[in-house]
Visitor: 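Just dropping this structure here.
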Amino acid sequence: MTEAPPKVLPRLDESLLTHLPPFAALSGRQIRDILDQATSRRYRAGVAVFEEGMPAERFYMLLDGYIRVNRMSATGDQVTLHYIPSGEMFGIARAFRLESYPATAMTAVDGIGLSWPMGFWDGFVAQYEGLGVETFRTVGHRLSEKNDRIIELTSQQVQQRVANALLRLINQTGRKVEGGIVIDFPITRRDISEMTATTLHTVSRLLSKWEKDGVLESVRRQIKVRDPHLLTELANPEA
DNA sequence: ACATTAATTATGT
DNA sequence: ACATAATTAATGT
């Protein structure tokens with residue numbers, strides 16, 4: 001479900017973008033121009049920013065929150081592909097000459113995003129040095145991560161895949177707290193099972209076991225990794 | 001070494 | 001109360 005009314009926030013400060021890699025190389029004036037053309041919008045947790053197959057009308061910069069990217073499988077199940085942290089661009093279909101969004105973008109938590117009409121994309125990358133370069137960087141990074149996961153899926157057992165998925169989550173979206181690192185947004189056993197090509201039951205069993213072993217703590221969509229090193233060992237097929 | 005099925009128990013609105 | 005999450009055991013491939 002897509003949310004209807006775009007609420008424009010009162011004031012868009014340039015400091016919103018200056019420290020973000022895609023805009024870091026730009027002058028204050030350039031950032032001002034970009035911001036003046038942007039629409040800012042708050043999103044509640046659990047809503048779709050855009051959906052798979054919809055005409056790709058806008059592209060986005062996530063200022064706060066996390067985006068969960070899903071795609072529909074052939075059997076009709078939603079599959080979680082990955083999470084996007086704040087500070088990254090998403091929905092940049094135009095960069096790949098796509099007419100429609102290849103996946104659904106759901107908010108994992110309350111968040112704030114900027115967006116621009118997709119028609120601005122080509123002009124932006126032509127006009128603003130570094131935007132295209134940084135986009136290549138993030139896309140390349142995501143691709144190499146995908147490659148890693150293909151290797152995992154074809155060569156590793158379930159425990160290792162789940163352990164690797166958790167490691168990625170805490171590395172990319174982890175927040176340090178007393179006694180460990182928590183995944184910064186609510187995540188279910190089902191979400192993890194979708195990312196690792198297994199069932200929620202197997203994930204549940206693994207997490208229960210690891211909780212007993214002191215690797216992590218987990219209550220209700222919240223996971224705290226207490227011992228990342230142990231998890232790293234579990235992720236490596238040693239024997 | 002896993003999935004599936006089903007029953008049961010939390011937990012959040 | 002009702003829906004969603006999570007656990008656990010039993011059974012199957």
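Each chain gets a letter, A, B and so on, in the order its sequence line appears, and its residues count up from 1.
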Visitor: Please classify the nucleic acid contact of A:Arg220 as base, sugar-phosphate, or nothing, using heavy-atom distances under 4.0 Å.
Guide: base
Visitor: Check every strand shown and say whether A:Thr188 touches a base, only sugar-phosphate, or nothing at a heavy-atom separation below 4.0 Å.
Guide: sugar-phosphate
Visitor: As a test of understanding, state which of A:Arg168, A:Lys146, A:Arg161 forms a salt bridge (Lys or Arg N to Asp or Glu O under 4.0 Å) with A:Glu152.
Guide: A:Arg168
Visitor: Please report the distance, rounded to the nearest Å, between CZ in A:Arg190 and C1' in C:dT7.
Guide: 15 Å
Visitor: Distance check needed: C:dA6 P versus A:Trp210 CH2, whole Å only.
Guide: 15 Å
Visitor: In plain terms, say whether A:Lys224 and A:Glu217 are close enough for a salt bridge, that is, a side-chain N and a carboxylate O under 4.0 Å apart.
Guide: yes
Visitor: Rounded to whole angstrom units, what separation is found between the CG atom of A:Leu206 and the C1' atom of B:dC2?
Guide: 10 Å
Visitor: Distance check: side-chain N/O of A:Arg205 vs OP1/OP2 of C:dT7, anything under 4.0 Å?
Guide: no
Visitor: From CD1 of A:Ile192 over to P of C:dA5, roughly how many Å is that when rounded to an integer?
Guide: 13 Å
Visitor: Rounded to the nearest angstrom, tell me the gap between atom CD1 in A:Ile187 and atom P in C:dT4.
Guide: 19 Å
Visitor: Would you kindly give the CD-to-P distance between A:Glu211 and C:dT7, to the nearest whole Å?
Guide: 7 Å
Visitor: Indicate whether OP1 or OP2 belonging to B:dA1 is found under 4.0 Å from a side-chain N or O atom of A:Gln159.
Guide: no
Visitor: Which part of the nucleic acid, if any, lies within reach of A:Gln222 when heavy atoms closer than 4.0 Å are counted: base, sugar-phosphate only, or nothing?
Guide: nothing
Visitor: Please check the phosphate of C:dT8 (OP1 and OP2 only) for any side-chain N or O of A:Ser204 closer than 4.0 Å.
Guide: no
Visitor: Ignoring hydrogens and geometry, is there a side-chain-to-backbone donor-acceptor pair from A:Gln160 to A:Gln157 under 3.5 Å?
Guide: yes
Visitor: Taking 4.0 Å as the cut-off, does a side-chain nitrogen or oxygen of A:Ser208 come that near to OP1 or OP2 on C:dT7?
Guide: yes
Visitor: Closest to the A:Thr199 side chain: B:dA3, B:dA10, C:dT7?
Guide: B:dA3
Visitor: Going by an N to O cut-off under 4.0 Å, is there a salt bridge joining A:Lys176 and A:Asp184?
Guide: no
Visitor: What integer distance in Å separates A:Gln156:CD from B:dC2:C1'?
Guide: 16 Å
Visitor: Do the side chain of A:His201 and the base of B:dA6 come within less than 3.5 angstrom through a donor-acceptor pair of N or O atoms?
Guide: yes
Visitor: From CZ of A:Arg221 over to C1' of B:dT13, roughly how many Å is that when rounded to an integer?
Guide: 12 Å
Visitor: Classify A:Thr198 by what it touches in the nucleic acid, base, sugar-phosphate, or nothing, heavy-atom distance under 4.0 Å.
Guide: sugar-phosphate
Visitor: Should the pair A:Glu88-A:Arg142 be classified as a salt bridge under the 4.0 Å nitrogen-to-oxygen rule?
Guide: yes
